[in-house]
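Throughout, a chain's letter reflects where its sequence line sits, starting with A, and its residues are numbered from 1. Please read these numbers as outputs of a predicted model, since none were measured by experiment.
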Amino acid sequence: MAHVCIHWFRKGLRLHDNPALMAALTDCKELYPVFILDPYLHHTKVGINRQRFLIGALKDLDCSLRKLNSRLFVLRGKPEDVFPKLFNRWNVTKLTYEYDTEPYSLRRDERVASLAKEHGVDVIYKISHTLYNIERIIEENNGKPPLTYKRLQAIVQNLGPPKKPIPAPTLENMRDVKTPRSQKYEDEYRIPTLEELQLDSQFLGEELFPGGEQEALRRLDEHMKRTGWVCSFEKPQTSPNSLSPSTTVLSPYVTFGCLSARTFWWRLTEVYRGRKHSAPPVSLHGQLLWREFFYTCSVGIPNFNKMNDNPVCTKVDWDTNQQNLAAWREARTGFPFIDAIMTQLRQEGWIHHLARHAVACFLTRGDLWISWEEGQKVFEDLLLDGDWALNAGNWQWLSASAFFHQFFRVYSPIAFGKKTDKNGDYIKKYLPLLKKFPPEYIYEPWKAPRSVQQAAGCIVGKDYPHPIVQHEQISKKNIQRMKEAYAKRSSDNNESPIKKQGITGIYISPGLLPPPYKTW
DNA sequence: TGGTCGGTTGTACCA
DNA sequence: TTGGTACAACCGACC
């Protein structure tokens, strides 16, 4: 029997390495490629850069599908409301999609799958967002997520390399498949503009990272040609404040699934072959494994995006301070390095990993003592590569709430940037107000004599804010508060080690701080 | 994937 | 020549 099939795009906005889409084409007479703008995921709070990236990715997908005599159908609403109507309207017999491990997605997909069953629709899903089947990694580690990178590496070593990516469907694959198209459909299911999504595009900057599979593959090709660079890539050696990105900026494409992580992995393997090359955790392969690491944690650890009821997260008495949170979010902390990074984040939707470290440390354990959950929300809205699992994992890491425990390693909002940008050119690019300050004051303009401030045309306290905290003092105090939080954690764990751990494995010796380990 | 401080060592320069 | 000085580079200890 030939099927009428919906392939549901959510992430995985690509044709290459899309096994669920290929499954849709098997015994298929009619194909409906569908994307649903879900108010839970695509609300107006999501940053406009991210929305633009999504719209770009959808346009690109539609364009590629049209080359296969198909198209993309874009709908709006809650998937559980949308699908029953589509099942009836199109007499659907099969639904395919890519497996998604986020808690919201799992609940959503469970509801949709059960609706599909009620309508006599077969459901097929495939794993292609991650390198591995995440549940398989957990199984291999005796049912617990590996809580160190090293452990994850050992597990995946046993599993062997990730599956090879499969090619995109061709016209040959589409020979017996039709996508019904009519003028009525064109209007009804077209891709909305940003204005239609009630977004004001006048605040948009230049589109540095356009969404879409074609751009993703172009960008991948461009970087893979640089064999020497790829082979010697070590993440910690790249600069957080170069004027153009010092890394690939493929992450937004992997996040939306415009680029398959497995395709990226195997392209790197090709480049590495026969050459001396860097290795995980610092290499580019290593970066993909970090993604895998946090995905595995996010699946195996309950309430992974929260402090409370999250068994790996140290409980910290974070302050509530709306003024300071707003100053951080809106790039007016008075520390040019921090404010420049937050400006780049808002304008461009991407900042370097180490820049994320600097601002995350500043918001949490370093200076403002504000919960990492607040930072998580800001990154979620503003980062093009904002990914539920990676965002939660990295915020816990940086705030020394989980995974990373050397809380006395505090980034200086003044000294850190100087290592790779002595002149402060990065600050001048994103905070042009400060561009006339001489290098000796650019990281701490409040120290400049009045005459220098006047000459620079920028008076601290009037044109640019005073620093909202005194870093030297506050960071010392915060280290002490962190020490107390760790001491409390240890004594709580001693009282009921297993119960407090929540997940059954004992991965931190109760009563002891984890040994200083180096993960790269 | 830290920062700071104090101490040591190495080195360039010069009287 | 050589001793003095300044300073950079590095190390370990500590937070």
Side-chain angles (χ1 to χ4, degrees), chain A residues 148-150 152-153 232-242 245-249 251 278-291 293-294 314 316 333 335-338 341 350-369 372 375 379 385 390-391 393-422 424 426 439-440 443-444 447 467 469-487 489-490 512-520:
Chain A
T148 64
Y149 189 89
K150 273 215 154 69
L152 177 102
Q153 267 185 296
S232 63
F233 183 93
E234 294 191 356
K235 187 65 165 281
Q237 303 309 317
T238 58
S239 161
N241 48 4
S242 50
S246 59
T247 52
T248 65
V249 199
S251 52
S278 55
V282 295
S283 64
L284 284 165
H285 263 174
Q287 304 313 304
L288 288 168
L289 289 179
W290 277 112
R291 177 172 181 268
F293 173 69
F294 286 127
T314 303
V316 177
T333 65
F335 291 93
F337 183 57
I338 300 298
I341 294 168
W350 180 89
I351 51 177
H352 186 274
H353 188 65
L354 289 177
R356 300 176 197 204
H357 279 216
V359 296
C361 182
F362 186 87
L363 179 73
T364 59
R365 65 190 169 84
D367 295 83
L368 302 187
W369 203 258
W372 58 269
F379 274 23
D385 59 13
L390 274 58
N391 202 21
N394 278 307
W395 272 100
Q396 286 172 84
W397 182 292
L398 254 301
S399 60
S401 299
F403 312 116
F404 171 81
H405 307 280
Q406 319 302 105
F407 53 78
F408 42 81
R409 289 190 189 168
V410 177
Y411 290 85
S412 161
I414 296 143
F416 186 63
K418 287 183 185 172
K419 285 197 283 193
T420 42
D421 179 20
K422 219 162 179 279
Y426 173 84
E440 55 194 309
Y443 283 88
E444 32 195 348
K447 285 193 179 166
V469 287
Q470 292 209 300
H471 173 73
E472 288 83 358
Q473 281 117 300
I474 204 92
S475 62
K476 284 200 185 91
K477 192 181 135 201
N478 288 347
I479 287 170
Q480 292 313 309
R481 289 178 86 171
M482 218 51 210
K483 208 172 177 175
E484 287 159 24
Y486 270 57
R489 185 187 71 164
S490 296
L512 292 173
L513 292 185
Y517 60 92
K518 209 158 168 62
T519 48
W520 52 79

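Checked by atom type, the side-chain pair A:His471/A:Asp367 shows a donor-acceptor distance below 3.5 Å.
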Taking it one step at a time, do A:Leu398 and A:His357 satisfy side-chain contact (heavy atoms from CB on, under 4.5 Å)? CA-CA 6 Å; A:Leu398 254 301; A:His357 279 216; 3.4 Å; yes
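Within 4.0 Å of A:Gln237, counting heavy atoms only, lies no atom of the nucleic acid at all. Among the atoms of the strands shown, none is found under 4.0 Å from any heavy atom of A:Lys483.
Not one N or O on the side chain of A:Asp421 forms a donor-acceptor pair closer than 3.5 Å with the backbone of A:Gly417.
The distance between atom OH of A:Tyr443 and atom P of B:dG3, rounded to the nearest whole Å, is 12 Å. Per the geometry, CD1 belonging to A:Ile338 stands 15 Å off P belonging to B:dG2, to the nearest Å. Taking atom CZ of residue A:Arg365 and atom C1' of nucleotide B:dG3, one finds them 12 Å apart after rounding to whole Å. Between the P atom of B:dG2 and the CG atom of A:Leu398 lies a distance of 11 Å, rounded to the nearest Å. Here B:dT4 presents its C1' atom at 10 Å from CD of A:Glu472, a figure rounded to the nearest Å. Atoms CG (A:Asn478) and P (B:dG2) sit 18 Å apart, rounded to a whole Å. The OH-P distance, from A:Tyr411 to B:dT4, rounds to 14 Å in whole Å. Rounded to an integer number of Å, the gap from CZ of A:Phe408 to P of B:dC5 is 18 Å.
For B:dG3, one of the phosphate oxygens OP1 or OP2 lies less than 4.0 angstrom from a side-chain nitrogen or oxygen of A:Lys419.
Candidate nucleotides B:dG3, C:dC15, B:dG2 were compared by shortest atom distance to the side chain of A:Ser412, and B:dG3 ranks first.
Between A:Leu363 and A:Leu368, the closest heavy-atom pair is O-CB, 3.3 Å.
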